[in-house]
Amino acid sequence: HRRRWLLMKFNFLGGQHKGFSSKQNTQETVNMYLEVDPSEDNKLTLYRVDGKLSMLTLPTSPIYGMSEFRGVLYVVAGTVLYKVLSDWTYTTIGTVDLSFDTTIAANNGGQICFNSGTTNKAYVYDTGTLAFTQITDIAFYGSPRVDYLDGYGVFVRPNTQQFYISAINNFLTFDALDYASDEADPDNLVTFIVDHRELILFGERTSTVWFNSGDATFPLSRRDGAEMEVGCAAKLSVAKMDNSVYFLGRSGYGQGLVYKLNQYTPQIISNRGIEYLINSLTTIDDAFAYTYQKNGHSFYVLTFPTDNKTLVYDASIQDNDMAWSVRETYGIGRDRASCHVFAFSNHLVGDYASGIIYKLSDTTHLDGTLPIAWSRTTAHIVSDYKRVKHKEVVLNFETGVGTEGGAEPLVYLTYSDDGGATYITGREVNLGVIGQRKNRVQTARLGSARDRVYKVYGSAPVKTVLVSGFIDIEVGKT
């Protein structure tokens with residue numbers, strides 16, 4: 001039997017796309033993200049996610065919400081609202097009865113409103129007078145979130161089609177007649193967001209857009225032609241970034257797709273693997289999201305707390321099959337971040353289980369005190385379902401990165417010959433001590449298979465960059 005010898009560059013890189021059947025697609029990307037270099041024919045590189053460096057531990061927990069306003073960081077941690085300065089000193093403002101769904105908005109009058117739909121309570125801190133007050137106006141009905149539009153605080157009355165507004169630049173005062181009903185469809189309102197001075201109202205199956213028309217009776221009017229046949233499946237999944245709005249959707253036909261708005265048109269950004277994963281979860285209506293931009297990447301981070309799963313979409317990647325990844329905290333499942341804020345020139349996240357505020361850092365190689373366990377699982381390697389001998393795999397990592405203790409950092413290569421159901425014990429491969437830049441990351445004598453899936457993984461506390469992979473294979477006739 002004649003055999004063909006072939007050294008091929010195999011694409012070890014890619015996004016999260018594992019589907020309903022591992023026979024179809026096995027690709028998984030955990031705690032890594034892709035970078036596309038258009039200057040080199042769209043060359044792909046995988047980078048390990050940022051580490052988390054502890055900046056402050058507050059005495060109460062967990063971190064429910066954070067917001068920066070006029071150079072000061074405001075943090076809701078457990079039952080206490082704190083004011084944090086850039087030198088990381090903090091003072092207590094007052095006690096609150098809020099929850100994990102805390103949202104925060106500020107107005108031009110210097111007031112900051114802290115709202116929870118779970119407790120149906122809201123509080124206002126006046127940064128000028130330093131007064132801290134719970135909203136007790138009889139015309140305040142609670143809301144799934146709070147936002148701000150042209151001087152008005154905006155709220156949605158729970159389990160209705162109604163939304164209502166506060167007085168101009170005063171979150172504490174309401175008029176019982178300052179409300180409207182979104183009656184484009186008979187579904188109740190789920191949530192809303194203000195973007196580009198427009199109010200986007202998300203119902204259970206449909207969405208509409210409103211704007212400040214200046215009408216004397218009620219200042220907001222519905223924008224004609226901006227009705228959308230998609231609603232929202234999780235009130236806290238709505239977030240804005242890159243001049244667009246992102247959310248987990250629901251319609252009259254199903255749920256569990258992730259969208260972004262292109263003006264007034266919802267565009268699906270989830271791939272089939274992500275959609276299968278979302279719809280296999282126990283609960284999706286408690287999902288929450290935050291967004292941030294760093295080093296040219298725009299991340300939409302979507303966490304499902306009931307099922308301990310965090311999915312991340314990178315809007316800088318045009319291909320939805322490449323743009324998604326999974327983010328995990330070791331031993332937990334989901335990522336530990338409960339919220340995000342950009343303050344003091346840093347990306348800060350709050351811990352969902354403690355009072356710690358972390359800084360995201362690409363030079364920090366731990367998730368707090370925990371390792372960052374990353375992995376990349378490839379697509380199937382098949383050649384007309386003929387038997388293929390795998391002679392050698394060479395992984396093009398950035399080498400010579402070493403560890404803080406001077407030890408040799410290890411990564412591991414494993415593979416599956418049954419479609420990703422089971423894997424062999426991983427083989428150790430050395431990334432090289434500090435300065436050992438020419439170290440080759442390779443392993444040989446890998447047996448043969450008709451259908452093989454590779455997985456590379458590690459957790460060494462070092463800079464981790466995977467550029468490409470090569471496989472030396474021999475293809476048989478049968």
Side-chain angles (χ1 to χ4, degrees), residues 7-18 26-35 43-52 312 322 325-331 335 361-367 369-381 390-417 420 422-447 449 452-473:
L7 175 63
M8 69 177 184
K9 181 179 179 180
F10 177 71
N11 189 11
F12 263 80
L13 313 185
Q16 179 75 21
H17 199 282
K18 186 175 182 179
T26 53
Q27 295 189 72
E28 290 186 291
T29 302
V30 179
N31 284 338
M32 303 192 88
Y33 64 91
L34 273 174
E35 180 152 312
K43 178 181 177 181
L44 301 178
T45 302
L46 270 177
Y47 287 84
R48 196 214 61 216
V49 298
D50 287 347
K52 297 185 183 74
V312 181
M322 296 283 191
S325 61
V326 171
R327 199 169 292 184
E328 297 179 349
T329 292
Y330 186 78
D335 185 72
S361 170
D362 53 15
T363 59
T364 298
H365 305 302
L366 294 172
D367 187 351
T369 59
L370 298 173
I372 303 174
W374 58 267
S375 66
R376 167 61 189 163
T377 305
T378 71
H380 293 266
I381 301 175
H390 293 247
K391 299 169 66 65
E392 184 181 50
V393 169
V394 179
L395 298 175
N396 186 11
F397 278 93
E398 180 173 338
T399 55
V401 289
T403 64
E404 283 78 359
E408 296 181 341
L410 301 175
V411 299
Y412 299 85
L413 180 72
T414 184
Y415 59 82
S416 170
D417 291 337
T422 60
Y423 288 83
I424 68 162
T425 301
R427 297 188 182 188
E428 292 183 356
V429 190
N430 188 354
L431 289 183
V433 297
I434 294 176
Q436 194 178 66
R437 300 291 181 184
K438 295 183 178 180
N439 195 62
R440 293 191 75 196
V441 181
Q442 63 186 49
T443 184
R445 298 178 181 178
L446 296 163
R452 175 162 292 181
V453 173
Y454 282 101
K455 179 179 180 179
V456 59
Y457 60 98
S459 60
V462 297
K463 180 181 180 182
T464 305
V465 181
L466 177 56
V467 179
S468 59
F470 297 86
I471 303 178
D472 187 359
I473 65 172

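- The backbone N or O of Gln27 sits nowhere less than 3.5 Å from a side-chain atom of Arg376 that would complete a donor-acceptor pair.
- Applying the side-chain hydrogen bond (donor to acceptor under 3.5 Å, both in side chains) criterion to Ser416, with sequence neighbours excluded, gives Asp418.
- In this view, Glu35 and His297 satisfy the side-chain hydrogen bond (donor to acceptor under 3.5 Å, both in side chains) rule, not counting sequence neighbours.
- In this structure, the separation between NE2 on His365 and CG on Asp50 is 10.5 Å, given to the nearest 0.5 Å.
- Distance check, rounded to the nearest 0.5 Å: CZ of Phe397 to OG1 of Thr45 gives 12.0 Å.
- In terms of heavy atoms, His380 sits closest to Val453 at ND1-CG2, 3.6 Å.
- Pro371 and Tyr330 make their closest contact through O-CB, 3.5 Å (heavy atoms, listed as atom of the first residue, atom of the second, distance).
- Rounded to the nearest 0.5 angstrom, Leu395 CG and Phe12 CZ are separated by 5.0 Å.
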Walk me through it: do Tyr423 and Thr377 pass the test side chain to side chain contact (heavy atoms under 4.5 Å, CB included)? CA-CA 11 Å; Tyr423 288 83; Thr377 305; 3.5 Å; yes
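- Applying the side-chain hydrogen bond (donor to acceptor under 3.5 Å, both in side chains) rule to Gln16 yields no partners; only residues at least two apart in sequence or on another chain are considered.
- The six-membered or imidazole ring of Tyr454 lies near that of His390, with a centre-to-centre distance under 6.0 Å.
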Between Val467 and Lys43, is a side chain to side chain contact (heavy atoms under 4.5 Å, CB included) present by the stated rule, with each step listed? CA-CA 9 Å; Val467 179; Lys43 178 181 177 181; 3.4 Å; yes
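- The line from NZ of Lys455 to OH of Tyr412 is 13.5 Å long, rounded to the nearest 0.5 Å.
- Rounded to the nearest 0.5 Å, atoms CG (Leu431) and CD (Glu398) are 9.5 Å apart.
- Residues satisfying the side chain to side chain contact (heavy atoms under 4.5 Å, CB included) criterion with Ser325, sequence neighbours excluded, are Thr29, Val312.
- The salt bridge (charged side-chain N to carboxylate O under 4.0 Å, His left out) search around Arg452 returns Asp417, not counting sequence neighbours.
- Side-chain atoms of Val30 and Glu328, non-hydrogen and from C-beta on, do get closer than 4.5 Å to each other.
- In this view, Val49 and Asn31, Tyr33, Arg327, Ile372 satisfy the side chain to side chain contact (heavy atoms under 4.5 Å, CB included) rule, not counting sequence neighbours.
- Of all heavy-atom pairs spanning Met32 and Thr464, the tightest one is CE-CG2, 4.2 Å.
- Leu410 places a side-chain heavy atom less than 4.5 Å from the side chain of Asn430.
- Nearest heavy atom pair, residue Thr329 against residue Asp367, reads OG1-OD2, 2.8 Å.
- The backbone N or O of Gly51 lies less than 3.5 Å from no partner atom in the side chain of Ser361, so there is not a single donor-acceptor pair.
- For Arg48 (side chain) and Pro461 (main-chain N/O), no donor-acceptor pair under 3.5 Å exists by modelled atom type.
- How far CG of Asn396 is from CG of Leu13: 9.5 Å, rounded to the nearest 0.5 Å.
- Nearest heavy atom pair, residue Pro409 against residue Ala460, reads CB-CB, 3.8 Å.
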